[in-house]
A.B. asks: 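My questions will all concern the structure given below.
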Amino acid sequence: MDVFIDVILPVPIPQFFTYRLPRHLAELAKVGCRVVVEFGKSRVMTALVVKIHGNPPEKYPAKYIQELLDTEPVVTPTQIWLFQWVAEYYMCTAGEVMNVALPSGLKISSQSKIQYNPDFHHDELLTDLEKSFMDVLIREDSISYEEAGRLLGEQDLNKFLKSLVAKHAIILFEEVNERYKPKLIKKIRLHSDYATDENALMLLESLGKAKKQQEVLLKYLSIIPLDQLSEKNEEGIDKQRLKEAEVSDSALAALITKGIFEQWEVQVSRFDSLESDSLREIQLSPAQEAASDQIMGLFSTKDVVLFHGITGSGKTEVYIDIIKKALDSGTQVLFLLPEIALTTQIVRRLKRVFGDTMGIYHSRFSDNERVEVWRGVLDQKFQFVVGVRSSIFLPFSNLGLIIVDEEHESSYKQFDPAPRYHARDVAIMLALKMKARVLLGSATPSMESFYQAQTGKYGLVSLKERFGNAQLPHIRLVNMRVEREKKTLTKEFSSVLLEAIGQNIENKKQSIIFQNRRGYAPYLNCQQCNWIPHCNQCSVTLTHHLNARTLICHYCGYSESVPRVCPACGSPHVRSVGVGTERIEDDLREIFPEAGVLRMDLDTTRTKNAYENIIGEFETGEVDILVGTQMVTKGLDFDRVNLVGVFNADKLINFPDFRSGERAFQLITQVSGRAGRREEKGIVLIQTNNPANRVLQYIVDSDYEGFYASEIKEREAYNYPPFSRIIELTVKDVDRNLAQEAAEVLAKRMKDYLGEQRILGPERGLVERIRNKFHFVIWMKLEKEKMNIQATKQYLREELVHLITEKKFKSVQVVVNVDAV
DNA sequence: AGCACGCCGACT
DNA sequence: GTCGGCGTGCTC
């Protein structure tokens with residue numbers, strides 16, 4: 001009987017593909033194993049086995065797979081289910097989900113690059129052919145899969161590479177700039193011939209003449225005593241330990257050459273470098289204790305609990321307590337964090353408590369490190385993983401608890417390539433499937449989650465006092481109109497803010513200034529002819545970056561140098577208009593020449609450790625002021641900060657989007673929470689033109705519930721989430737009219753199906769043109785109670801196919817974003 | 001999404 | 001005459 005497999009391929013085609021297994025692999029393949037297959041005429045890629053069966057496809061002959069990569073599954077059945085659920089819900093393909101789920105180290109593809117492993121020194125393991133292949137690799141540094149294929153001619157390339165990978169001679173990687181240097185340590189142990197007490201003693205005697213060698217052996221036996229040799233010799237000791245004991249290098253080398261000692265290398269996970277020595281006990285305050293007990297109590301009746309703890313209330317300690325309980329009961333735990341917060345203090349704190357049993361899954365780590373965590377989770381070496389969005393796709397088999405910290409964070413929603421999934425919502429779905437519990441935590445919960453808690457679907461636990469003696473900061477609005485009239489502004493600073501900063505510098509306290517706009521100024525303007533430089537591919541002005549001396553498009557990345565005179569009229573009077581973080585930094589340096597000023601935004605945190613460095617410097621260095629974008633609002637915890645300044649609050653609030661109020665409330669509350677986290681009460685100064693604004697008033701009062709109550713009414717009145725689901729359709733084309741027409745046709749068809757009131761738009765995109773494509777946006781509002789979401793999505797799918805098969809619209813692209821945030 | 005196949009313009 | 005432009009149709 002022939003054996004066939006259905007596989008998921010990493011392509012945006014909504015179906016499985018059926019391949020044939022060669023006889024000798026028929027017994028070996030399992031669901032969840034990876035296979036290498038040829039797809040189309042010239043593509044080779046890794047596919048995932050999701051079904052094994054005996055039915056040959058009727059309409060085409062199945063190709064043979066090229067190779068089976070695993071004998072044991074690397075993906076669990078639950079994950080395969082999850083990939084399909086995400087694909088269905090977010091309207092993309094299982095292949096796209098698999099693509100973000102698997103670290104690229106688990107995907108050999110024709111796009112892969114091959115690099116030699118610089119730490120490989122075992123030429124004797126290689127065949128002649130492999131040796132000559134390695135010579136080419138060393139010479140070329142890295143080669144592509146195709147080039148390797150050409151080099152090998154008739155040889156079976158995949159088998160060949162697999163063997164080299166198994167010998168650790170080569171490394172496969174996706175991007176040329178991400179080189180993997182495995183961290184290796186050298187280990188030493190006695191050859192097994194001597195690994196009993198009497199043999200070791202005989203050996204010691206026989207080394208009588210070689211005093212130095214004897215010394216080495218004695219040192220070794222002082223670390224692993226004679227009576228424990230039989231059990232402990234096997235795992236050996238770090239070579240470093242002998243070196244530290246200052247034994248003779250040459251004597252040690254001689255013993256190794258003689259074969260008395262064996263030396264080998266082990267790869268160590270680089271997470272170990274985070275200190276984990278003192279597994280610390282934590283002490284909960286009575287309020288924290290109570291919160292923890294409430295959460296555990298609610299878990300007996302609710303699958304999801306929302307933990308609303310104000311900024312500085314010490315949510316982390318409560319999390320730790322809950323995590324311990326979950327781990328004690330023998331289940332795996334996943335702790336999700338927004339990308340930006342992961343590198344901060346919280347991870348260090350968790351690591352200190354949980355040590356090596358904790359895995360970290362982060363996009364700043366190399367792919368190989370992500371593979372380490374993947375495998376660690378698979379064979380249950382890691383019971384506890386702290387990770388970003390995509391760690392929801394790790395191969396857990398026994399998950400008992402998922403914590404989503406800062407659950408309101410919009411970065412949990414993936415934006416650009418499909419799948420446009422929301423990690424919090426996927427977490428809830430996955431937990432349901434695995435009978436795990438979910439703990440959502442935030443100082444400013446999303447409207448969606450708080451609504452679920454209010455209506456009793458989620459449990460709710462609140463922690464409303466700050467940890468220790470800390471008080472909530474005093475929040476004050478600074479009326480910029482008044483300051484402008486009284487002419488008390490200095491550049492973009494109100495007198496109130498400047499005075500507070502000055503005072504803080506004197507008192508050796510620190511200040512954080514939040515401005516949600518990077519660069520020096522949003523645009524340039526010629527004072528003579530009013531010329532403003534725009535991006536020629538996008539309908540936005542170019543942002544002025546002073547240090548880099550460039551004008552940059554924040555949408556497509558285009559950049560040009562700053563003109564010295566106006567290119568339109570030749571006037572030298574070109575000035576920067578508006579305020580970005582760079583300008584604030586510059587102006588502060590000018591106003592307070594003696595102060596230390598640091599800036600933290602996308603531009604200053606590009607390089608690998610820049611983020612940690614800035615935080616480290618702010619913590620310990622002579623820094624008075626930290627200026628930054630969103631980045632400064634998340635998870636920072638510094639003792640000496642007691643002033644937070646907020647620029648341009650109005651811009652946040654007036655953003656044309658139904659979520660702008662919620663977002664502004666969250667952002668400003670979060671950044672305010674950075675102030676006064678210890679004994680001294682902090683101050684927050686918010687610069688605004690409109691102090692009477694509803695959202696600002698709730699912020700001043702630190703009144704989350706009040707804000708929620710007022711906001712939820714509006715959401716209900718206009719039928720926005722949480723009362724409805726929103727599916728956003730973005731219609732794009734290089735031809736503006738075509739994009740608009742297609743959008744109108746699509747909107748019309750959806751209106752006919754769903755009714756006028758459920759469709760908004762099409763409207764011009766907020767930025768109408770990006771990378772030369774014109775954007776029109778349609779929103780579908782689907783009431784949660786009444787609508788059959790499944791059927792609507794099915795109809796939409798059909799209409800999308802319908803639309804792009806009309807040859808007029810064939811160049812048009814439609815991006816579907818379910819639950820757009 | 002890629003990638004090959006296919007049919008029309010400006011070049012050694 | 002050919003190289004290569006990107007339209008379109010398919011991938012087990």
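Throughout, a chain's letter reflects where its sequence line sits, starting with A, and its residues are numbered from 1. Being a predicted model, the structure only gives us computed values, none of them experimental.
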A.B. asks: Considering only NZ, NE, NH1 and NH2 on the basic side and carboxylate oxygens on the acidic side, decide whether A:Asp2 and A:Arg23 come within less than 4.0 Å.
C.D. replies: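 Yes.
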A.B. asks: Within the 4.0 Å heavy-atom criterion, would you say A:Pro12 contacts the bases, only the backbone, or no part of the nucleic acid?
C.D. replies: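 Base, at least one base atom sits under 4.0 Å.
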A.B. asks: Distance check needed: B:dC3 P versus A:Ile13 CD1, whole Å only.
C.D. replies: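 In whole Å, B:dC3 P lies 13 Å from A:Ile13 CD1.
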A.B. asks: How many Å lie between NE2 on A:His53 and P on C:dC12, as a whole number?
C.D. replies: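 Value for this atom pair: 15 Å.
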A.B. asks: OP1 or OP2 of C:dC12 versus the side-chain N and O atoms of A:Lys63: is any pair under 4.0 Å?
C.D. replies: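 True: A:Lys63 side-chain N/O within range (under 4.0 Å) of C:dC12 OP1/OP2.
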A.B. asks: Tell me whether the OP1 or OP2 atom of C:dC12 has a side-chain N or O from A:Lys59 closer than 4.0 Å.
C.D. replies: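 So the side-chain polar atoms of A:Lys59 never come under 4.0 Å of the phosphate oxygens OP1 or OP2 of C:dC12.
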A.B. asks: Pick base, sugar-phosphate or nothing for A:Gln15, based on heavy-atom distances below 4.0 Å to the nucleic acid.
C.D. replies: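 Base contact.
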A.B. asks: Counting any heavy atom closer than 4.0 Å, what does A:Gln813 reach on the DNA or RNA strands: base, sugar-phosphate only, or nothing?
C.D. replies: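 Nothing, no nucleic acid heavy atom in range.
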A.B. asks: For C:dC12, does OP1 or OP2 lie under 4.0 Å from any side-chain N or O of A:Tyr19?
C.D. replies: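 Indeed, a polar side-chain atom of A:Tyr19 lies that close.
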A.B. asks: Just one of A:Arg725, A:Arg659, A:Arg424 clears the salt bridge (Lys or Arg N to Asp or Glu O under 4.0 Å) bar with A:Glu448, so which one?
C.D. replies: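 Among A:Arg725, A:Arg659, A:Arg424, the one meeting salt bridge (Lys or Arg N to Asp or Glu O under 4.0 Å) with A:Glu448 is A:Arg659.
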A.B. asks: A:Ile804 CD1 to C:dG9 P: how many Å, rounded?
C.D. replies: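 Rounded to the whole Å, the gap is 12 Å.
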A.B. asks: If you measure from CD on A:Glu38 to CD1 on A:Ile65, what distance do you get to the nearest 0.5 Å?
C.D. replies: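 Between A:Glu38 CD and A:Ile65 CD1, I get 12.5 Å after rounding to 0.5 Å.
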A.B. asks: When you check the phosphate oxygens OP1 and OP2 of B:dC5, does a side-chain N or O of A:Lys41 lie under 4.0 Å from one of them?
C.D. replies: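 Result: yes.
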A.B. asks: Between A:Phe16 (CZ) and C:dC12 (P), how many Å, whole number?
C.D. replies: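 So the CZ-P distance, A:Phe16 to C:dC12, works out to 16 Å.
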A.B. asks: What is the distance, to the nearest angstrom, from the CZ atom on A:Phe39 to the P atom on B:dA1?
C.D. replies: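 It is 13 Å, rounded to the nearest whole Å.
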A.B. asks: Taking only Lys NZ, Arg NE, NH1 and NH2, and the carboxylate oxygens of Asp or Glu, determine whether A:Lys793 and A:Glu88 approach each other closer than 4.0 Å.
C.D. replies: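 Result for this pair is no, no salt bridge flagged.
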A.B. asks: I want to verify a distance call: between C:dG7, C:dT11, C:dC12, whose nearest atom is closest to the A:Lys810 side chain?
C.D. replies: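 So the side chain of A:Lys810 is nearest to C:dG7.
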A.B. asks: Establish, yes or no, whether the cationic atom of A:Lys732 lies under 6.0 Å from the six-membered ring centre of A:Phe776 and within 45° of the ring axis.
C.D. replies: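 No, A:Lys732 does not lie over the aromatic ring of A:Phe776.
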A.B. asks: Could you give the CE-to-P distance, from A:Met45 to B:dC3, as a whole number of Å?
C.D. replies: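 Rounded to the whole Å, the gap is 8 Å.
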A.B. asks: Rounded to whole angstroms, how far apart are CD1 on A:Ile8 and P on C:dC12?
C.D. replies: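 Checked: the CD1 to P distance equals 17 Å.
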A.B. asks: What is the distance, rounded to the nearest whole Å, between atom NZ of A:Lys807 and atom C1' of C:dT8?
C.D. replies: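 So the two atoms are 13 Å apart, to the nearest Å.
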